Amino acid sequence: MSTTEIPDGPIGVHVKVLHYVRLVAALVARVLFNLFYGKSGEKLPPITEPILREPAVEIARRIRMQEVSSVEVLEAFIRRIKDVNSALNCFVEDRYELALKEARQADDLVKSGSLSVQQLEKDKPFLGVPFTTKDCIAVKGLHHTSGVVLRKDVIADQDAETVKLLREKGAIIMGLTNVPELCMWWETHNHIHGRTNNPYNTTRIVGGSSGGEGCIQAAAGSAFGVGGSIRMPSYFNGIFGHKPSKFIVSNAGQYPEPTSELHSSFLGIGPMVRHAVDMKPLLKIMSGSNSEKLKLDEPVDISKLKVFYQINNDAPITDPVDPEIAAAMEKVVEYLKVKHNIVAEKQRITRLRKSNPIWLTLMKDEKKSFAQRIMGKDGVCTLLLEMLKNFIGCSGNTLIGIVTGLVDRGGVAVGSDKYNHYLKCRDELIDTFQTMLGDDGVFLYPTHPTPAPYHNEPLVRPMNFCYTSIINCMGLPATNIPLGLGSEGLPIGIQVVANYNNDRLCLAVAEELDKAFGGWVEPHKA
Ligand SMILES: *[C@@H]1O[C@H](CO)[C@@H](O)[C@H](O)[C@H]1NC(C)=O
C-alpha cells in the first residue's frame, strides 16, 4: 500500500448511532417486505429461439455468412420483447419499423457481395445486429426524457456519439429502456414509464440508472446494450457490464450532461452484455479515436497478473457483504490459484470506509440543482409541497427524487475546506490504487453488498451503492462479472478493477471467469 495514505480518524459517535439505527430499520423492513410480497413474483417465459442466446459477435458472424438474415434476428428479438415486457416493463419506446428497414438494407448489402466477408467484418463488424440503449442516451427521433416528466415531450434531434459510432459499424438500434428519474437513484422508477421489474424475480429491483437496459439484456430481449451507469444494474440482472477508464468514451448526447471535468471523469458509457466476449469489440467501437489508448488487441496472460482483493469496505450506513457474495469471491481467488498459480493478496484499504462522504461531496453540482432539473424550480417549501402532492398521488416526481432534491440543497459547498478534504481523500485513494495495480494488477471487489433488494427497499439501504460509486470517483475501469445465482434465486457477482487505460485486463478476467463460472443464467431457470 502507498505510504502517502493518511490514516483515518475514528468514526464519529453520531455516525455510529445512525449506522446501528439504520441496520435495525433495514432488518425490520426486510421482515415486512417478506410478508408483503409473500410468494408473489412472475416467472419469465423460457427463451425459445436459440439465436437469442448467442453472443452479439456470433449473431454478426452468422448474418455476414448469410446463415441467418438480419430481418430474422430482429424479428426474433421483437417477439421476445413482446413476450417479456408486460412482466418486466423495461422497454419503453421502439423504432421497429425503421429498424426493419435498416435490417433489410443490411441483408441487401450482405447479399450484394459488394464487400467480401472479411471486409464486412472489418468495416461493419456489427452489421445487422439489433441493440438497445437507455432513455437518457440520445437516439435521433426518439424521446430523450431521462425519466423526468418535465421532459416527457423532448425528442432527440441527433444520436449520442456512442450510438452514432455503433450505427456506423452496422448495428441497428431497436429502441429505449427505462431509467430512474433523472438517472439518479438506484431503483428504476419514474412517473412517465413506471417501475421496472427484475427478470429473476419481479418483486425485486433492477438497479439504476441503466436498470431497464440491464433487465432487457438478462431477459435476452436485445443482442447488446449501451449503458452508463453500468456495473450495478449489470450485477442485479446477472450480466456483464464494463465501465471504461475516465475520458475514453464520449458522454456527448447523455442527459443529464456532466457539467464539469470532474463529473465527466465519473461517468462513462459502456457495453452491457450477456456474454463477456462481446465487451472488447463493442468498447473498441464506442471509444472511437481513443480506442488506441486502451491497446485492446494486446494479448493478456492471466497467469502473469497480480491479483488483489477486498471483501468488506466497513463503510458506515452500509450493509455488510452477504456471505454468499464473499464465498463467491473466495471461489474466484481459489480458481485463480488452481488454474493460474496466482496467489491473490487480500487487502484492507481502510480509506474505502470513507466512500460515502467522498461520493456525496464530489457529486455536488453547483451549476444546476437537482430540484431545478426535475421540477424546474427549487426551494425547501416547493419541495415539501411536492412531497405532499406525492403522498396523495398527484406529483410528477418520485418520492426519492424529491428527497434527493432536499438532500442536494444541503451538503458540502464546492471549494470549501471540507470539500477539499474529501477531494484529497479521493486523490490519496487514487494513489493507493495506482501503486497497488501498476500495469499488471487487478482488484477484485464486490459490485454490491447484497443481491437485488425488493422494490422500494433501497430507501432503507440508501448507501449500499458505495462499492461502485467510489470506483466512479476515481475514474478507474471496472467490469461486473456475474457468478451465478444465490440462494434466493437472484444473481450475485463481483467487479474487477484495473489501472487507467488497462481496461483490457478487466475484460480478459471477465472472459476467463465467464467460461469458468458459467456467466449469465437464463432467467426462467432461476
Ligand atoms: C420471488 O421472491 C419471493 C420472496 O422472496 C419468493 O417467495 C418467490 O418464490 C420468488 N419468485 C420466484 C419466481 O422465484
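All residue numbers refer to positions in the sequence shown, counting from 1. These numbers come from a predicted model, not from an experiment. For ligands, and for the atoms within them, numbers begin at 1 and follow the listed sequence.
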Between [X] and [Y], do the side chains contain an N or O donor and an N or O acceptor separated by less than 3.5 Å?
X	Y	value
Glu181	Asn397	yes
Asn313	Thr318	no
Thr132	Ser222	yes
Asn178	Asn190	yes

[X] to ligand 1: N or O pair under 3.5 Å?
X	answer
Gly41	no
Glu42	no
Lys43	no
Asn34	no

Nearest non-hydrogen protein atom to atom 7 (O) of ligand 1, with distance, is Gly38 O, 3.1 Å
Tell me, which protein residue and heavy-atom name are nearest atom 9 (O) of ligand 1, and how many Å apart are they?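 Of the protein heavy atoms, Lys39 O, 4.4 Å lies nearest.
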Quick test of your reading: applying salt bridge (charged side-chain N to carboxylate O under 4.0 Å, His left out), list the pairs with at least one residue in residues 37-59, sequence neighbours left out, ordered by first then second residue. Glu49-Arg79, Arg53-Glu522, Glu54-Arg62, Glu58-Arg61, Glu58-Arg62
Heavy-atom check, side chain of Glu75 versus side chain of Leu100, under 4.5 Å: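 Yes, their side chains come closer than 4.5 Å.
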Just heavy atoms, cut-off under 4.0 Å: does Tyr454 contact ligand 1 by side chain, backbone, both, or neither? side chain
Relative to atom 12 (C) of ligand 1, which among Asn201, Thr202, Leu485 owns the nearest non-hydrogen atom? Asn201
Provide the number and element of each atom of ligand 1 under 4.0 Å from a heavy atom of Ser40.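 So the answer, numbered in order with elements, is 1 (C), 3 (C), 8 (C), 10 (C), 11 (N).
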So is Arg204 in contact with ligand 1, going by heavy-atom distances below 4.0 Å?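 Yes, Arg204 has heavy atoms under 4.0 Å from ligand 1.
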Identified ring pair (Phe, Tyr, Trp, His ring centres under 6.0 Å) counterpart of Tyr454 within the set Phe236, Phe33, Phe36: Phe33
